[in-house]
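So that the names make sense, note that chain A is the first sequence line, chain B the second, and so on, each numbered from 1.
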Amino acid sequence: MQTTYRDALRAAHREALQRDPRVFLMGEDVGRYGGSYAVSKGLLEEFGPDRIRDTPLSESTFVGAGIGAALGGLRPIVEVMTVNFSLLALDQIVNNAATLRHMSGGQFNVPIVIRMATGAGRQLAAQHAHSFEGWYAHIPGLRIVAPATLEDARGMLATALEDPDPVLMFEHQTLYNMEGPLPDEAGAVDIDRAVVRRIGTDVTVITYGGSLGKALDAAGRLAAEDRIAAEVIDLRSLRPLDTPVILQSVAKTRRAVVVDEGWRSGSLSAEISARITEGVFYELDAPVARVCSAEVPIPYAKHLEDAAIPQVGSIVDAVRALMGRQA
Amino acid sequence: MQTTYRDALRAAHREALQRDPRVFLMGEDVGRYGGSYAVSKGLLEEFGPDRIRDTPLSESTFVGAGIGAALGGLRPIVEVMTVNFSLLALDQIVNNAATLRHMSGGQFNVPIVIRMATGAGRQLAAQHAHSFEGWYAHIPGLRIVAPATLEDARGMLATALEDPDPVLMFEHQTLYNMEGPLPDEAGAVDIDRAVVRRIGTDVTVITYGGSLGKALDAAGRLAAEDRIAAEVIDLRSLRPLDTPVILQSVAKTRRAVVVDEGWRSGSLSAEISARITEGVFYELDAPVARVCSAEVPIPYAKHLEDAAIPQVGSIVDAVRALMGRQA
Amino acid sequence: MKTEPAVPAGVSALPVDRAHLVELLHQMLRIRHFEEKCAELYSAGRIRGFLHLYIGEEAVAVGALQALTPDDAIVATYREHGHALVRGLAAERLMAEMFGKAEGCCRGRGGSMHLFDAATRFYGGNAIVGGGLPVAVGLALADRMQGRPRVTACFFGDGAVAEGEFHEAMNLASLWKLPVLFLCENNLYAMGTRIERAQAQVDLVRKAESYAMPADAVDGMDVMAVEAAARRAAEAVRQGSGPRFLECRTYRFRAHSMFDAELYRDKSEVEAWKSRDPIPALIARLTAAGQLTDRDVADLEAAVDAEIAAAVQFAERGTWEPVEALTRDVYSR
Amino acid sequence: MKTEPAVPAGVSALPVDRAHLVELLHQMLRIRHFEEKCAELYSAGRIRGFLHLYIGEEAVAVGALQALTPDDAIVATYREHGHALVRGLAAERLMAEMFGKAEGCCRGRGGSMHLFDAATRFYGGNAIVGGGLPVAVGLALADRMQGRPRVTACFFGDGAVAEGEFHEAMNLASLWKLPVLFLCENNLYAMGTRIERAQAQVDLVRKAESYAMPADAVDGMDVMAVEAAARRAAEAVRQGSGPRFLECRTYRFRAHSMFDAELYRDKSEVEAWKSRDPIPALIARLTAAGQLTDRDVADLEAAVDAEIAAAVQFAERGTWEPVEALTRDVYSR
Ligand SMILES: Cc1ncc(C[n+]2csc(CCOP(=O)(O)OP(=O)(O)O)c2C)c(N)n1
Ligand SMILES: Cc1ncc(C[n+]2csc(CCOP(=O)(O)OP(=O)(O)O)c2C)c(N)n1
Ligand SMILES: [Mg+2]
Ligand SMILES: [Mg+2]
């Protein structure tokens with residue numbers, strides 16, 4: 001079956017809503033508008049306003065209400081339009097969702113799924129284009145996932161909903177229109193393992209979400225133009241990180257490049273670099289390299305936005321530099 | 001002159017208020033209550049309610065109002081009681097303070113100073129004891145400082161107020177009562193350089209804020225018990241990081257331990273580890289080690305809180321392990 | 001005292017039986033004595049961190065909680081010992097929690113500000129001002145969507161009313177007609193900030209109009225009045241007519257927390273409010289009606305003190321959670 | 001149309017001179033034609049990102065901005081082309097910004113949603129709903145503390161009223177009696193969410209009572225009425241009596257942004273509102289009064305179109321900021 005990332009997400013929602021009466025979707029414009037990225041289009045008509053709930057513009061409260069509803073026995077899916085707006089709900093996510101289980105000595109857990117769009121690439125500028133999923137990955141008590149493929153768009157939601165703890169799901173803005181084949185029987189997938197998306201021997205490229213496609217394209221170019229065999233890892237889960245898969249690959253290739261749309265300083269790629277160094281220092285032939293966003297609020301103009309975030313070219317360059325090849 | 005960190009901060013406020021009529025202080029309970037950590041005690045009486053402004057409980061708005069006041073020509077000092085509550089103001093800090101200059105193409109800058117308490121150690125549990133300064137250090141457009149000494153408590157504010165861009169200043173909760181001598185002529189200090197607080201040759205311990213004292217104590221123990229000469233760097237500025245000072249030291253000692261009260265995954269220490277690896281990989285005798293907080297919301301009970309955050313003992317152990325000594 | 005609370009006329013004339021009134025007194029005494037002991041234990045270093053006493057405000061929790069059934073839920077603040085005790089969280093588990101012991105209701109993870117109890121649907125113990133309101137709205141949403149005729153009682157202070165979350169949560173609850181009983185404990189201060197310096201509109205009941213939410217105010221120093229008003233409001237909520245807002249006008253007799261020098265208010269104001277202490281007031285009323293003797297009071301106090309002494313002993317004898325268990329209960333699996 | 005806005009009687013009878021009324025018409029036409037051109041250029045791929053058109057709402061910005069002096073400040077939303085144009089930001093610099101050119105008012109950094117102009121005290125261009133309100137309060141605080149008799153005009157939508165920042169900012173401005181003019185552009189929808197599905201209390205003027213703030217509503221399709229109401233409110237603010245809230249009842253004729261399929265409203269509703277289009281309304285009024293001829297209108301439109309054509313040409317001819325300059329203006333030094 002040919003489908004899109006958006007449609008795969010929608011299919012996942014439909015299935016979840018059909019299967020479990022405790023599941024409902026809530027957020028700004030998920031209903032009548034059809035979802036700001038059209039993920040939930042048609043769901044209001046199918047499931048009615050009780051289960052597809054348009055909320056007022058009140059990020060902190062509808063996320064907090066999702067937390068309360070989860071405590072009350074439901075399985076809320078809360079859509080926050082973009083991660084940029086989720087800063088308004090951060091108190092609820094960090095001080096309540098992530099801490100309640102621990103603070104209550106294990107009495108209460110919060111089975112909520114919070115979905116949001118993230119990332120740049122559509123010229124939406126500095127209040128709509130940032131990538132804070134790496135930030136969220138710093139918080140104990142949260143589980144962070146980033147579907148980068150149609151299979152994961154289709155399959156991660158079900159597993160996230162089964163999880164007894166809060167799961168944040170980040171959908172890169174540029175992926176919604178991604179098209180491709182998906183097996184008819186595609187269903188739930190795990191949400192904790194990293195996956196090798198391309199096998200290679202010379203260097204490991206580690207990434208996730210919106211940058212996976214760029215990393216794979218770069219690997220293709222490196223193979224064709226430089227005879228460099230890059231292994232590409234899709235992290236899928238940003239918290240917990242699947243460190244063994246990363247270390248195993250880097251122990252083999254002895255070189256690693258981390259690609260991440262967060263700003264370089266304090267990015268998730270820093271954590272991955274640190275773990276690689278801690279884990280396989282003596283196997284490394286070169287320091288871990290990073291391809292991240294420039295340290296600038298994402299600008300509007302296309303050429304500046306392109307220059308600000310990782311691109312196929314900058315990944316290729318980074319790998320070449322790491323392999324001691326000329327740029 | 002014998003003084004405390006709290007009194008040094010207060011002296012810095014008094015001086016700033018006396019010297020520049022554009023400076024004012026605003027926040028919850030900074031006035032009549034005297035400041036939740038008593039930093040501003042007496043300032044209301046001296047400077048009046050126009051310049052020492054008690055605000056309602058509205059973090060987002062009084063921080064945002066500080067941003068507006070800065071745009072309007074004032075030099076606000078905004079006190080947010082603790083970094084935990086600053087999550088409620090994060091939208092204003094990240095989406096406005098940090099971006100306005102860039103989004104406006106350089107037309108507007110935001111000369112605001114936002115101060116907050118951070119860190120654990122006083123049994124305040126999971127909603128009052130976290131350390132998000134490393135998180136803030138991820139944001140381009142912000143400058144992040146962490147005074148760890150009396151000199152810096154006395155001197156950083158003046159320099160921060162002179163800065164044309166937003167400066168966030170993090171005061172570790174356990175430092176306010178720190179006592180010691182301060183020269184009478186102590187005044188403004190730079191806010192961008194890291195400083196070597198103890199010279200050593202065997203290993204570099206890199207830290208800041210509330211962990212500096214622990215790192216120095218650990219260095220003392222290592223010298224006495226293990227004849228290990230640890231060099232201790234106080235970062236002082238978390239954004240920008242003073243990378244040259246770090247690299248110079250590690251190039252000399254060939255070993256580094258980063259100590260940071262943030263949770264290990266995605267901590268500032270990850271960034272420092274990554275930079276060291278990137279910068280002096282071939283000089284390193286061992287992978288960079290990290291001593292961070294355990295991945296748990298800070299618990300209330302003393303023994304659990306102590307176990308959750310870096311301690312002299314855990315720093316000593318990490319250095320010993322790095323040096324191949326028995327723990 | 002400038003802000004003498006308005007007492008809705010007639011409320012205290014409700015016919016209630018002696019046993020019930022004595023029980024109200026008993027509950028207020030439990031809170032009062034429990035917290036006096038806490039203050040002592042804090043000075044002795046047995047309790048640490050932040051400790052916020054409810055002394056003076058007991059009539060609010062005791063009165064309001066009468067309106068709830070065991071199925072109802074409670075969301076409270078960091079000043080919640082009283083609510084937890086009245087709700088049925090055993091004093092010994094509460095005290096052990098404040099000692100940081102493994103036998104505490106939260107295994108020593110939460111402390112004074114974060115009491116939780118699944119058995120009595122006590123959802124904390126929230127120390128972010130305003131942070132509990134959205135959670136209460138969600139609990140009520142779950143009840144509504146699952147067809148359970150329950151009420152969620154959400155306590156918060158006058159200070160919280162200035163927070164954005166108050167506005168958002170009041171609006172959402174009213175918009176969706178959710179069964180939340182919003183109970184504002186207006187003790188006139190948020191730490192050292194008096195309500196006039198925090199609110200452009202100090203009549204908090206009027207704020208409910210912004211959300212088309214029925215609202216009322218009650219003398220929070222009169223436990224019978226609070227009970228009556230809370231029952232009226234809770235019944236309306238339970239019947240599905242949407243949320244209600246009830247402002248309970250009260251006063252905190254002690255400092256905000258154990259660190260507060262109380263620079264911001266006059267002793268005379270405190271003294272004036274103490275003359276309206278809800279405990280002696282109820283005693284006087286029952287005594288005057290011939291329903292209570294000095295002996296009865298002494299018996300109640302003795303029972304309360306015995307309960308508290310046992311709680312302290314339980315806490316003292318409690319064990320420390322092993323350090324190896326530090327990261328348990330961060331994730332469920 | 002169910003929600004025919006209430007027009008305060010008598011307002012439109014204000015004596016205003018012809019030249020001024022023609023200028024109001026001119027400004028509305030500038031916005032209308034400018035944005036029609038933007039829509040075209042968006043389809044052609046010259047403008048990218050999000051583009052929010054103000055078409056239908058022109059009377060609000062044009063009327064309200066008459067009340068401001070050059071010293072006053074403006075804080076607006078992502079739907080702010082009209083406000084920027086009327087305020088005096090040159091159409092060519094605005095258009096160049098939307099093209100992402102170095103000659104744009106923000107050197108191509110901001111785009112449609114983030115227009116800024118220091119010269120006219122235009123503080124954005126904020127794309128976080130509600131995010132501008134606290135900033136406006138702070139600008140007013142700076143004026144107040146520096147003794148400048150200025151007004152800060154803060155525009156925001158009906159959707160923003162549900163955000164916590166609205167509540168906090170309204171309270172703080174009123175508490176401190178700051179010179180803010182809060183201008184709510186109530187176009188009945190926040191994206192696809194109609195006000196009845198977002199607000200428990202749809203009469204937004206009543207919300208101002210929560211902050212003891214004087215408030216008024218005006219027909220936002222009548223530019224003269226908006227001007228009159230804004231002048232009254234701005235004068236009160238300027239005189240130091242504290243902030244005011246003015247609800248302008250209007251309607252957006254176009255989709256929320258260029259991505260919106262408008263599933264959430266009926267064409268008939270849109271058509272009904274279009275019959276109250278503020279531009280033909282003003283033309284009809286002036287024509288009926290013998291103050292405007294078809295020729296006058298044609299002349300105005302020609303002037304406007306020439307201005308816009310020049311702006312487009314300027315933008316087309318603009319240059320790209322060099323990529324090396326990517327990180328300039330993150331810090332001042
Ligand atoms: C968001 C947030 N800001 C600030 C604080 C610090 N703080 C704790 S209690 C308090 C006062 C709250 O006052 P009120 O809501 O009236 O409750 P009361 O303490 O009077 O019961 C403040 C400012 C906090 N805990 N959370
Ligand atoms: C905090 C936040 N949440 C959500 C959005 C997405 N969004 C952009 S405009 C909009 C609707 C705003 O409606 P309103 O305030 O009425 O203004 P209008 O667009 O009608 O002019 C939404 C939901 C946003 N930009 N910011
Ligand atoms: Mg209070
Ligand atoms: Mg609107």
Side-chain angles (χ1 to χ4, degrees), chain A residues 59-60 84-85 87-88 90-96 98-99 101-103 125-127 130 132 134-141 238-241 258 262-282 284 286-290 293-297 299-300, chain B residues 59-60 84-85 87-88 90-96 98-99 101-103 125-127 130 132 134-141 238-241 258 262-282 284 286-290 293-297 299-300:
Chain A
E59 283 77 6
S60 196
N84 307 273
F85 317 150
L87 302 188
L88 288 161
L90 203 73
D91 166 55
Q92 288 295 330
I93 297 173
V94 173
N95 286 323
N96 281 340
T99 60
R101 182 170 173 83
H102 188 76
M103 289 196 306
Q127 292 180 338
H130 292 150
F132 295 119
W135 239 26
Y136 279 108
H138 180 52
I139 307 295
L238 312 188
R239 183 179 186 98
L241 283 169
V258 193
W263 295 295
R264 184 183 184 90
S265 295
S267 55
L268 186 72
S269 64
E271 177 62 29
I272 294 167
S273 170
R275 288 198 189 191
I276 292 171
T277 306
E278 285 157 7
V280 292
F281 179 70
Y282 299 101
L284 286 176
V288 179
R290 295 186 280 167
S293 282
E295 315 255 357
V296 58
Y300 162 71
Chain B
E59 284 76 5
S60 195
N84 307 273
F85 317 150
L87 303 188
L88 288 161
L90 204 73
D91 166 56
Q92 288 295 331
I93 298 173
V94 173
N95 286 323
N96 282 339
T99 61
R101 181 170 174 83
H102 188 76
M103 289 196 306
Q127 293 181 336
H130 293 149
F132 295 120
W135 239 27
Y136 278 108
H138 180 51
I139 307 296
L238 311 187
R239 184 179 184 97
L241 283 170
V258 193
W263 295 297
R264 183 183 184 91
S265 295
S267 55
L268 186 72
S269 64
E271 176 62 30
I272 294 167
S273 170
R275 289 197 187 190
I276 291 172
T277 306
E278 285 158 7
V280 292
F281 179 71
Y282 298 101
L284 286 176
V288 179
R290 296 187 279 166
S293 281
E295 314 256 358
V296 58
Y300 162 71

Open item on the list: Does any backbone or side-chain atom of Tyr300(B) lie under 4.5 Å from a heavy atom of chain A? Answer side chain, backbone, both or neither.
Closed with: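 The answer is neither part of Tyr300(B).
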
- [ ] Please flag which part of Ala126(B) lies under 4.5 Å from any non-hydrogen atom of chain A: side chain, backbone, both or neither.
- [x]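 Both backbone and side chain.
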
Open item on the list: Could you tell me if Ser273(A) and Arg275(B) have a donor-acceptor pair between their side chains, going purely by distance under 3.5 Å?
Closed with: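 No.
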
Open item on the list: Let's test your reading of the structure: which of His138(A), Met103(A), Arg264(A) forms the most heavy-atom pairs below 4.5 Å with chain B?
Closed with: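 That would be His138(A).
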
Open item on the list: Counting heavy-atom pairs under 4.5 Å with chain B, which one of Pro140(A), Gly266(A), Ser60(A) comes out on top?
Closed with: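 The answer is Pro140(A).
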
TODO: Answer yes or no: is there a donor N or O on one side and an acceptor on the other, between the side chain of Gln127(B) and the main chain of Asn95(A), under 3.5 Å?
DONE: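 Here the side-chain-to-backbone pair exists.
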
Heavy-atom proximity to chain B below 4.5 Å, by part of [X]:
X	value
Phe85(A)	neither
Val288(A)	backbone
Tyr282(A)	side chain
Leu284(A)	both
Leu90(A)	both

Find the distance between [atom1] ([X]) and [atom2] ([Y]) and round it off to the nearest 0.5 Å.
X	Y	atom1	atom2	result
Leu238(B)	Ile272(B)	CG	CD1	7.5 Å
Glu59(B)	Asn84(B)	CD	CG	11.0 Å
Phe281(A)	Thr277(B)	CZ	OG1	7.0 Å

Open item on the list: Quick check on the interface: out of Ala289(B), Ser265(B), Ala274(B), who has the most heavy-atom pairs with chain A under 4.5 Å?
Closed with: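 The candidate making the most pairs under 4.5 Å is Ser265(B).
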
TODO: Just give me the residue among Ala294(B), Gly262(B), Ala286(B) that pairs up with chain A most often, heavy atom to heavy atom, under 4.5 Å.
DONE: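 When all of Ala294(B), Gly262(B), Ala286(B) are compared, Ala286(B) has the most.
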
Open item on the list: Tell me the closest heavy-atom pair linking Leu87(A) and Trp135(A), and the distance in Å.
Closed with: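 Nearest heavy atoms, Leu87(A) then Trp135(A): CD2-CZ3, 3.9 Å.
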
- [ ] Output all residues satisfying salt bridge (Lys or Arg N to Asp or Glu O under 4.0 Å) with Glu295(A), sequence neighbours left out; order by chain, then residue number.
- [x]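 Only Arg239(B) meet the salt bridge (Lys or Arg N to Asp or Glu O under 4.0 Å) criterion with Glu295(A).
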
TODO: Please name all residues satisfying salt bridge (Lys or Arg N to Asp or Glu O under 4.0 Å) with Arg101(B), sequence neighbours left out, ordered by chain then number.
DONE: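 Testing Arg101(B) for salt bridge (Lys or Arg N to Asp or Glu O under 4.0 Å), a comparison that skips the adjacent residues, returns Asp329(D).
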
